[in-house]
Amino acid sequence: MHLPWYVAAFAAAVIWGLHYPLLDHALKRISLASVLLLTALPILLIALVFHRQIAADLAIVRALPLNEQWAIAAIALTGSAASALLFMSIGAKNATLASLIEITYPLFVALFAYVLFRESALNGGILIGAALIFSGVGVIIFSSR
């Protein structure tokens, strides 16, 4: 199935909108470690179903230069760390406020895309939007105290 990128992105936002309250509910009942494990279970199933593709991809990664191998391997660390920190934030406050702060991540996507890969998609409108996002986050943090 091939969806237009914006449909897939919006659908992901809807699913994340469902996922965060479910996390909040779970974190009030079970440990962070168990919630992290629950989020990893589908990945384990994917590994079982697509083991041939994963093995082929592993061979491709091994043939890449070391700096590119590092960048691909870092996905596991960054994804785990971000999930753990997000879940900690949700558990300490709530899904709504945590998600409203976490929504600043696109600004860091732009920063790290440039720092790591010299990719830039910035223009005046994007910079104004980024400033508005950070302003909104400031309002949220200040008003939730």
Side-chain angles (χ1 to χ4, degrees), residues 1-47 49-50 53-54 56-58 60-145:
M1 172 182 6
H2 180 74
L3 295 173
W5 69 269
Y6 52 87
V7 172
F10 185 76
V14 170
I15 293 170
W16 283 123
L18 171 63
H19 186 71
Y20 280 39
L22 293 171
L23 287 169
D24 195 359
H25 180 78
L27 287 164
K28 289 179 174 127
R29 288 154 180 81
I30 61 176
S31 71
L32 172 64
S34 291
V35 173
L36 284 168
L37 179 63
L38 284 171
T39 61
L41 287 177
I43 295 167
L44 297 174
L45 294 174
I46 289 169
V49 173
F50 295 101
Q53 181 63 54
I54 293 169
D57 289 340
L58 185 58
I60 291 169
V61 170
R62 286 182 178 154
L64 293 172
L66 192 57
N67 66 323
E68 289 188 43
Q69 289 179 14
W70 174 88
I72 291 171
I75 293 169
L77 295 175
T78 56
S80 297
S83 292
L85 290 165
L86 174 61
F87 297 176
M88 289 168 60
S89 175
I90 291 170
K93 192 67 173 176
N94 63 55
T96 301
L97 288 176
S99 69
L100 287 170
I101 302 302
E102 190 241 356
I103 199 64
T104 62
Y105 81 88
L107 307 173
F108 299 103
V109 169
L111 171 69
F112 289 117
Y114 182 77
V115 169
L116 296 173
F117 307 111
R118 297 295 184 242
E119 296 175 2
S120 177
L122 297 179
N123 61 37
I126 291 172
L127 292 173
I128 291 169
L132 290 171
I133 289 170
F134 271 117
S135 298
V137 167
V139 169
I140 290 164
I141 291 171
F142 181 74
S143 68
S144 68
R145 289 186 174 178

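Since the structure is predicted, the reported quantities are computational estimates derived from the model, not experimental observations.
Considering only heavy atoms from C-beta on, I90 comes within 4.5 Å of L86 through its side chain. In this structure, D24 and T96 have side chains that are not in contact, with every pair of non-hydrogen atoms separated by 4.5 Å or more.
Residue P21 comes nearest to W16 through the heavy atom pair CD-O, 4.5 Å, listed as atom of the first residue, atom of the second, then distance. Taking each heavy atom of A71 and F117 in turn, the nearest pair found is CB-CZ, 4.4 Å. Between S144 and L97, the closest heavy-atom pair is CB-CD1, 3.8 Å.
Between the side chains of S34 and S31, a donor-acceptor pair is found at a separation under 3.5 Å.
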Handout entry: Derivation and outcome, side chain to side chain contact (heavy atoms under 4.5 Å, CB included), residues L18 and L22
Key = CA-CA 7 Å; L18 171 63; L22 293 171; 3.9 Å; yes
Practice task
Quick one: do V137 and L100 satisfy side chain to side chain contact (heavy atoms under 4.5 Å, CB included)? Show the steps, please.
Solution key: CA-CA 7 Å; V137 167; L100 287 170; over 6 Å; no
Practice task
Begin with the C-alpha distance, continue with both residues' side-chain angles, and end with the deciding distance and a verdict on side chain to side chain contact (heavy atoms under 4.5 Å, CB included) for S83 and L36.
Solution key: CA-CA 7 Å; S83 292; L36 284 168; 3.9 Å; yes
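Judged by distance alone, with hydrogens and angles left aside, the side-chain atoms of Q69 form a donor-acceptor pair with the main-chain N or O of V61 at under 3.5 Å. In terms of modelled atom types and a separation under 3.5 Å, the side chain of S80 and the main chain of A76 share a donor-acceptor contact. No side-chain donor-acceptor contact under 3.5 Å links R62 to the backbone of L58.
Ring geometry for F87 against H19 counts as tilted: the plane angle lies between 30° and 60°, on a 0 to 90° scale.
Between the CD1 atom of I133 and the CD1 atom of I103 there is a distance of 7.0 Å, given to the nearest 0.5 Å. Separating the CZ atom in F50 from the CG atom in L45 is a distance of 11.0 Å, to the nearest 0.5 Å. From F108, atom CZ reaches atom CD of E102 across 11.0 Å, with rounding to the nearest 0.5 Å. A distance of 10.5 Å separates OG of S89 from CG of L27, quoted to the nearest 0.5 Å. To the nearest 0.5 angstrom, L116 atom CG is 11.0 Å from N67 atom CG. Atom CH2 in W70 sits 10.5 Å away from atom CD1 in I75 (nearest 0.5 Å).
By the neighbour-count criterion of 12 heavy atoms within 6.0 Å, atom CZ of F134 is densely surrounded, having more than that number from other residues, nucleotides or ligands.
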